[in-house]
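Chain letters run A, B, ... following the sequence lines, proteins first, then strands; residues in each count from 1.
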Amino acid sequence: MKKKKWKPYLFILPAFVIFSAVVVIPTVYSLYLSFFSWKGVGAKEFVGLKNYINLFTVDPVFLTALRNNLIWIVLNVVFTVSVSLLLAVALSKSFKGRVVYRAIFYIPYMLSLVVVGVIWKWMYNPNMGFINEIFDVAGLGGLKQNWLSTPKIALYCVFIAALWQGVGQPMVLFLAGLQTIPVSLTEAARIDGAGSVKAFFYITLPMLKETFVIVLATLIIAAMKVYDIIKVMTGGGPINATETLASYMYSQTFSYSNFGKGSAIASVMLLMMVFIIVPYVMYTARDE
Amino acid sequence: MKRTLCVLTGTAILASMLCGAAVTAAAEEPVEISFWSLAQRKDFEDEIIAAYMEENPNVTITPTYYSTDDIKANLKVAASSNTLPDMWYNWGGSLASYYPENGLTYDFTEYAKENGWEEKYLGSALELCTLEGQLCGIPQSIAMMAVWYRQDIFDQYGIEVPKTFEELEAACATLKENGVTPFATGGQFGWHVMRYIQDLLEYYAGAEEHDALGLMQSDWSSQEAVTKTFEKYKEWSDKGYFNEGFITEDPNDCRMYLYNGTCAMIIDSPTMAQQIVGAEQDPALYSYFAFPSETNEDGTGRMAAYVKMTQVNANVTDAQLAAITDFWSYYYDSERNAAFGSIEQPIALKGAELPESYALAEGIMELMDACGIYTQTDQALPAEVADQLFAAQDGIALGEIAPADAGTTVQNGIVTYQAENQ
């Protein structure tokens, strides 16, 4: 009896040790560091909540970065989900060349965000970029912009590049989800007089609930961590207009050697993810 | 007597043999050195290290290569966990000073005196490697900023190489009137646009005041020269003297505007010579001059410069230190090192000649000697303060910050930095 009781723990022990070593301990240590002023070497000075208070009260870059992350989450949830769902629904229908189209929309996801950033940076180039050239050719020269150098639109321009790259993965998840919906359900709805739109909202969407949990959770986590595409396309500029929490955390920790403040930013990121995702997952899983 | 002499002679021979054997044994004692370097140097450094180890079989050098950002970050992590390598590549200024400041690097001050480094290395290089009162690295190469220009475009519009700031402005006006953007720059990371700011500051503030600003001993918010600098930068920006969208342009991409004739000038280091050849441009079309900031009596100005160095772990053994210094002597010996033509130039050794790939930069070392140098601003200022300067640059160009307020932005960064680092 005693042996049986310990057996499951024995099986999870290797995973527990690895998870503790690479996730739990570093996370706890990072949280611990966030209460100190530390330059990376030498003595750590305990400062209590000062790093957090400074971030929220006197650091304008942090607040800009926080706002940008929240904007990115909203953009990701609204546009990446909508576009990928529409593509998945369209590509789940049977038509000639369907596989080719699926590949076309999925291939950008296989590219690194750094490569995507470089490609789109060239497309946005105000002097010889594809986008301004298109406006010229179309006789819409007045719409030409310094896309990445204008603080008000720079973040959205970067997001479009990220959307182009990132839409493939949720599309595949939605495609997989769509295939699990029994055809009989939709057919029954049709027989009962439901149109395509009604069938989509009352049959397809509710049946994709589990897929939505995965898609939204991964998109929100990705939005909180967004870093590389920002670094490549704008470097956080102009005037910090595209700075994100991840890029600011990197600067504080590795450029400025403010390990305490950098750890505080990391902790804020973690807490935000926990506060957004955990209630969502609990809410969607309540029926199960 | 004869017997005694024989015994003494025999003893002496035996002693010298034993000593010799001991020295040989010491020389052949296995030495292991870990080395962190830049990814772009991998090709030739792997070759150099392999050749050196073949000549010195008792020495094992294990290189690890990182990208520019990664080496900075990984060094900080290694410093915080006491796992720094035995030697590592670094830039000068605030990037390097962290390590001597925390007692992590070998101080070469005494070693340099004993080994005649003053005769061996350029004085400017040793000066730039001296941080926190310590000679904290072995100088490698030195980069000094000059204005590289298209000779054919200057000739086409009858522009002479500017000898004064007024002549430079006249040249810019002529170029702009003829549809050529005077300057190419890329502001994505801030430091490229900063090259224009620092030369303007050198012109308006003069050498002494500029140095005081760089050392944060002078108040950026109250200096008239600072305001004039930012006003001139704003004027140039508004007049379209920089390429369109320069604020987020990649510094590496902006050279293209010089190649295709959209722009006529760029402030760059001697590596520009290699870049021009590498981009298959006609070298005859390009030349360089010192930015006419007029801080010297003859009208020339000091050139912004920074050094690249090898920092050595404070905990290395004597045998490791001997091997490290010997390796770098080999590295910079054009006769012994078969890959000498590939290494970064101009090297910091006195009397060193530039390889063929740098022919276009010929004479730049002499120009630097004649003009003098000042520490590049982003290496003089701590990174967080430099970032405030970069934000101010962006803000001014975009009309979000008034030139008169930009000095206050930088000074606020200095105050915050000093408060956090008391």
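With a threshold of 4.5 angstrom between heavy atoms, A:Y124 does not approach chain B through any atom at all. Heavy-atom distances place the side chain of B:L104, and not its backbone, under 4.5 Å from chain A. In this structure, the portion of A:K261 lying under 4.5 Å from any heavy atom of chain B is its side chain and not its backbone. Only the backbone of A:M233 comes within less than 4.5 Å of a heavy atom in chain B; its side chain stays farther off. Using a 4.5 Å cut-off between heavy atoms, B:N260 contacts chain A through its side chain alone, with no backbone atom that close. Contacts between A:V232 and chain B at a heavy-atom distance below 4.5 Å involve the backbone alone (N, CA, C, O). At a 4.5 Å heavy-atom cutoff, A:W147 makes no contact with chain B through either its backbone or its side chain.
Per-residue counts of heavy-atom pairs under 4.5 Å with chain B were compared for A:Q145, A:K231, A:Q252; the largest is that of A:K231. Interface remark: of the candidates B:N74, B:D250, B:N243, B:D250 forms the most heavy-atom pairs closer than 4.5 Å to chain A. When the candidates A:S251, A:A241, A:G237, A:G235 are compared by the number of heavy-atom contacts under 4.5 Å with chain B, A:G235 comes out ahead. If you tally non-hydrogen atom pairs under 4.5 Å between each of A:N125, A:N240, A:T253 and chain B, the highest count goes to A:N125. Ranked by non-hydrogen atom pairs under 4.5 Å with chain A, the options B:E101, B:E249, B:K72 are led by B:E249. With respect to chain A, the highest number of heavy-atom pairs below 4.5 Å among B:N82, B:T416, B:D253, B:T262 belongs to B:D253. The greatest number of non-hydrogen atom pairs below 4.5 Å with chain B, out of A:Y256, A:F254, A:Y250, is found for A:Y256.
Considering CG of B:D394 and OG of A:S149, their distance stands at 8.5 Å, rounded to 0.5 Å. Rounding to the nearest 0.5 angstrom, the gap separating the CD atom in B:Q188 from the CG atom in A:L148 is 8.5 Å. To the nearest 0.5 Å, the span separating CD1 on A:I239 from CD1 on B:I401 amounts to 6.0 Å. Going from atom CG of A:N146 over to atom CZ of B:F246 covers 9.5 Å, rounded to the nearest 0.5 Å. One finds the CG atom of A:L33 at 8.5 Å from the OG atom of B:S80 (value rounded to the nearest 0.5 Å). Separating the NZ atom in A:K39 from the CG atom in B:N102 is a distance of 9.5 Å, to the nearest 0.5 Å.
Taking a 6.0 Å sphere around CZ of A:F135, one finds it holds more than 12 heavy atoms contributed by other residues, nucleotides or ligands. Within a 6.0 Å radius of OH in A:Y109, other residues, nucleotides and ligands contribute 12 heavy atoms or fewer. For B:K176, the NZ atom is densely surrounded, since the number of other residues' heavy atoms within 6.0 Å is greater than 12.
Shown here for B:G245 and A:P126, the closest heavy-atom pair between the two residues is CA-CG, 3.7 Å. Smallest separation of non-hydrogen atoms from B:L398 and A:P238: CD1-CB, 3.6 Å. What you find for A:N127 and B:Y257 is that their closest heavy atoms are ND2-OH, 3.0 Å. In this structure, A:P151 and B:E400 approach most closely via the heavy-atom pair CG-OE2, 4.3 Å.
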